[in-house]
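Just so we're on the same page: letters track the sequence lines, and every chain starts at 1. Below, all heavy atoms of this structure are taken into account, side chains as well, without hydrogens, waters or symmetry copies.
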2 protein chains.
Amino acid sequence: MPTPAPRSSMRERFREQVREDVKAAALDQLAAGGAQAISINAIAKHLGVSGPALYRYFANRDDLLTALVIDAYEDLHDALAHELRAGAPSRTPHERFRALAHAYRAWALAEPHRYELLFKPPLPGYDAHAEPLAAAARSLMALLLGVLAELDREDTPPATEPRSGTYQNEDVLTARTAGASEFHLAVAVWSCLHGIVSLELGGGLSAMTIDVDALFEHEVQVLIERTLV
Amino acid sequence: MPTPAPRSSMRERFREQVREDVKAAALDQLAAGGAQAISINAIAKHLGVSGPALYRYFANRDDLLTALVIDAYEDLHDALAHELRAGAPSRTPHERFRALAHAYRAWALAEPHRYELLFKPPLPGYDAHAEPLAAAARSLMALLLGVLAELDREDTPPATEPRSGTYQNEDVLTARTAGASEFHLAVAVWSCLHGIVSLELGGGLSAMTIDVDALFEHEVQVLIERTLV
DNA sequence: TCAATTCGCTAGAGGGTCTAACGTCACGAA
DNA sequence: TTCGTGACGTTAGACCCTCTAGCGAATTGA
């Protein structure tokens, strides 16, 4: 009795497996040639099946792209959360914030195409997949809000926090209605980080010989000092 | 004798006219459906010619896209320069900077697809059109450096400036080698502006109910105060 | 007037998304 | 065990796209 209660039936397991395979192949194409290089046809050929077979698993190309975006959100969130959890618990809120910022940039530089995928305006039919996508973005925001909250009150690390300084998804909304200023600050911080990373990826900075490492480090410092006013 | 010395021969004039028509049609498609919606075939059909005729005027689709990017850079630059030149000469450097920042955001919001075009990483063959593109970017940077220079020394408006507070293209390089800190500040400011605008266009901000106007205004104020430290 | 160049055309290769219609096979219930 | 149901993968094909090759016609400059 290997599967006494196959809650996920054999079919569903296989289906999920194929979806994962397709996404993996799509990620390869993404890394190789950008979002435009992702081709359902080519993925099918690479998987040994032919053409329209994959439309059993993804409604269309946009559906596949959306799945990649959600995965990327989760991956970025996990990377940042891991970075927060990994360091020594004796780190000051400053150090935790710096670690978060650098982990953010590091993820973006390591997977530029996926980062681009995250923040590229989904212009044509942008109302389609807005729901689960907004949730993923909120999850990221929650992380930032947690660290900023620590930064704000200058205690030593949490220990009284519900979850070691990370908001849960729903808390973002409550935090927004409660302390709008905190929320504004978080958005501002995120905007600044994203601005540098985005320009860096776009090549706008590399065109002028600039030490982006130093620039980023300096801006992080400015952001930290700004929270202490 | 309408054209006694046709320095631009009849052919070249016509050729340039067609190129402009093609770019205009491409801009319509860009505004309607994003960069991905730009199709040489559709443009040709819209212009009444058929298919490959346009390849006499643009080497390929990327060539057309590059032309659009350069035009967009120039348009944005002109819009900002006009904004700087338009206001009353009695404006303080603060006001000039605020005007510049708001004009930047206004242009991006008015033509989101063109703005996206400017800063989207050209990943596949990005070394191709790097030369004229970098020049256009530098031109933008020069504008920002000029206003920041005014902000730095808190005099009343220029009158001793070479060109009313705008650097010329070459001056960017000299300014970089001379005052690296000014250059870093300019990049940081630009990054922050671009970060907010980019997130706003991407929908990351609109997902959470935020008063982006107020946020932007506040961030501009923070940037101004930062230059006075 | 006469070459040279440029233009626009059609034909076509090669790629893509996506739909339609058709066997085939596994599953689950009678 | 048998049988209907539904999911699967297939091919065929419509319809888009980019881009090349080769053709005849028109314009240009000498």
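Distance from the side chain of A:Arg15 is smallest for D:dC8 among the nucleotides D:dC8, C:dG8, D:dT11. Distance from the side chain of A:Tyr55 is smallest for C:dT19 among the nucleotides D:dC17, C:dT19, C:dC9. Distance from the side chain of A:Ser39 is smallest to C:dT17 among C:dC18, C:dT17, D:dT18. Residue A:Asn60 places its side chain closer to C:dC18 than to any other of D:dG22, C:dC18, D:dG9. Out of D:dT11, C:dC9, C:dC27, the shortest distance to the side chain of A:Pro52 is found at D:dT11.
Under a cutoff of 6.0 Å and an axis angle of 45°, B:Arg19 and B:Tyr57 do not form a cation-pi pair.
If you take OH of A:Tyr57 and C1' of C:dC18, they are 17 Å apart, rounded to a whole angstrom. Rounded to whole angstrom, the span from the CG atom of B:Asn41 across to the P atom of D:dT20 amounts to 14 Å. Look at CZ on A:Phe14: it is 15 Å from C1' on D:dG6, rounded to the nearest Å. In this structure, B:Asp21 places its CG atom 14 Å from P of C:dC7, rounding to the nearest Å. Protein atom CD of A:Gln36 is 14 Å distant from nucleotide atom C1' of C:dT17, rounded to whole Å. For the pair B:Asp63 CG and D:dT18 P, the interatomic distance rounds to 14 Å; values are reported in whole Å. For the pair B:Arg11 CZ and C:dG8 P, the interatomic distance rounds to 9 Å; values are reported in whole Å. Summarising the geometry, the separation between CD1 on A:Ile38 and P on C:dG16 is reported as 13 Å, rounded to the nearest angstrom.
B:Ala53 comes within 4.0 angstrom of the backbone, heavy atoms only, and of no base.
Donor-acceptor pairing under 3.5 Å, judged by distance alone, is absent between the side chain of A:Arg61 and the base of C:dG16.
A salt bridge does not link A:Arg85 to A:Asp78: none of the charged nitrogens lies less than 4.0 Å from a carboxylate oxygen. Note on B:Arg105 versus B:Glu200: salt bridge recorded, some NZ/NE/NH1/NH2 to OD/OE distance being below 4.0 Å.
Side-chain atoms of B:Val69 and B:Arg114, non-hydrogen and from C-beta on, never get closer than 4.5 Å to each other.
No donor-acceptor contact under 3.5 angstrom links the side chains of A:Gln29 and A:His46, judged on distance only.
Each of B:Gly51 and A:Ile40 was matched to the nucleotide of DNA chain C holding its nearest heavy atom; the match closer to the 5' end belongs to B:Gly51.
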